[in-house]
Amino acid sequence: EAQVTQNPRYLITVTGKKLTVTCSQNMNHEYMSWYRQDPGLGLRQIYYSMNVEVTDKGDVPEGYKVSRKEKRNFPLILESPSPNQTSLYFCASSPLAERVSNEQFFGPGTRLTVL
Amino acid sequence: AQSVTQLGSHVSVSEGALVLLRCNYSSSVPPYLFWYVQYPNQGLQLLLKYTTGATLVKGINGFEAEFKKSETSFHLTKPSAHMSDAAEYFCAVSESAAGNKLTFGGGTRVLVKP
């Protein structure tokens with residue numbers, strides 16, 4: 001089944017404790033992206049990657065890191081989480097070859113709480 | 001820069017009534033437009049999309065949307081609401097020549113009353 005998976009789905013942590021949220025897709029998509037969803041603000045892009053070893057900042061990158069060592073994986077790293085990073089996080093992927101629509105496929109989400 | 005405005009963060013409709021969710025966008029180039037739905041505790045699912053061609057787009061679950069360039073709008077409608085339509089709906093825009101970035105509106109939560 002074609003899908004985007006994220007782990008963990010739920011995470012409660014404390015300020016300053018480094019964490020990683022994993023994202024993996026099995027559709028051989030070149031493009032991957034991370035979003036955070038906050039009430040009333042919709043989804044905002046954190047980072048994106050056009051291909052392996054190619055990453056760039058989105059609209060709200062502060063406090064986050066990413067890496068793209070393999071095509072299928074795009075982990076989101078919070079080196080020193082703070083309470084304002086409490087949010088619902090979505091990973092998404094898209095094939096660059098299909099530039100007719102730019103449609104993205106979303107993972108199930110990771111609900112992060114930073115105390 | 002692209003942006004999306006969804007009018008109304010909450011909409012309440014009666015079962016069987018028309019569902020109308022408003023979306024206006026701004027884009028410096030011809031846009032690709034999307035409506036996504038998010039059911040409780042789930043990820044985002046594509047309802048429909050507009051790329052080029054016919055401006056009236058039909059999607060899943062009986063939804064449709066019309067691209068009106070002169071009004072920079074892409075409103076979502078469904079003639080008859082069903083209880084299962086209760087969800088949050090997001091309008092999004094992507095500038096067709098600018099890669100895959102999606103910019104989302106703030107979302108509209110739909111409540112369906114029996």
Segment of [X] engaging chain B (4.5 angstrom heavy-atom cut-off):
| X | result |
| --- | --- |
| A:L43 | both |
| A:F90 | side chain |
| A:Q6 | neither |
| A:R111 | neither |

Under 3.5 Å, which donor-acceptor pairs link side chains of residues 11-22 of chain B to any protein atom two or more places apart or in another chain?
none

Value for CG (A:L11) from OG1 (A:T110), rounded to nearest 0.5 Å, stands at 8.5 Å
So, taking the atom named OG in A:S33 and the one named CZ in A:F106, what distance separates them when rounded to the nearest 0.5 Å?
7.5 Å
How about A:K71 and A:N51: does a side-chain donor come under 3.5 Å of a side-chain acceptor?
no
So, B:S26 versus B:S3: side-chain donor-acceptor pair below 3.5 Å or not?
yes
More than 12 heavy atoms of other groups within 6.0 Å of A:N84 CG:
yes
For the pair A:V66 and A:F74, evaluate side chain to side chain contact (heavy atoms under 4.5 Å, CB included) and give the outcome as yes or no after the intermediate values.
CA-CA 7 Å; A:V66 293; A:F74 190 45; 3.7 Å; yes
For chain B, find which of A:G109, A:P39, A:G40 contributes the most heavy-atom pairs closer than 4.5 angstrom.
A:G40
Heavy-atom distances under 4.5 Å only: say whether [X] touches chain A with side chain, backbone, both or neither.
| X | answer |
| --- | --- |
| B:Q38 | side chain |
| B:L46 | side chain |
| B:E88 | side chain |

Tell me if the centroids of the rings in A:Y35 and B:F104 come within less than 6.0 Å of each other.
yes
How about B:F34 and B:F90: are their ring centroids closer than 6.0 Å?
no
Sub-4.5 Å heavy-atom contacts with chain A: which residues of residues 64-73 of chain B show up?
none
Chain A contacts: which residues in residues 105-114 of chain B have a non-hydrogen atom closer than 4.5 Å to it?
B:G105, B:G106
Out of the candidates B:Y39, B:W35, B:Y36, B:F63, only one should pair with B:Y89 under the ring-ring contact (aromatic ring centres under 6.0 Å, His included) rule; please name it.
B:F63
Tell me, with the steps shown, if A:V60 and A:R36 meet side chain to side chain contact (heavy atoms under 4.5 Å, CB included).
CA-CA 9 Å; A:V60 289; A:R36 60 177 289 173; 4.3 Å; yes
Looking at residues at least two apart in the chain, or sitting in another chain, which of them share a side-chain contact (heavy atoms from CB on, under 4.5 Å) with B:S80?
none
A:R68 and A:E53 ion-paired at < 4.0 Å:
no
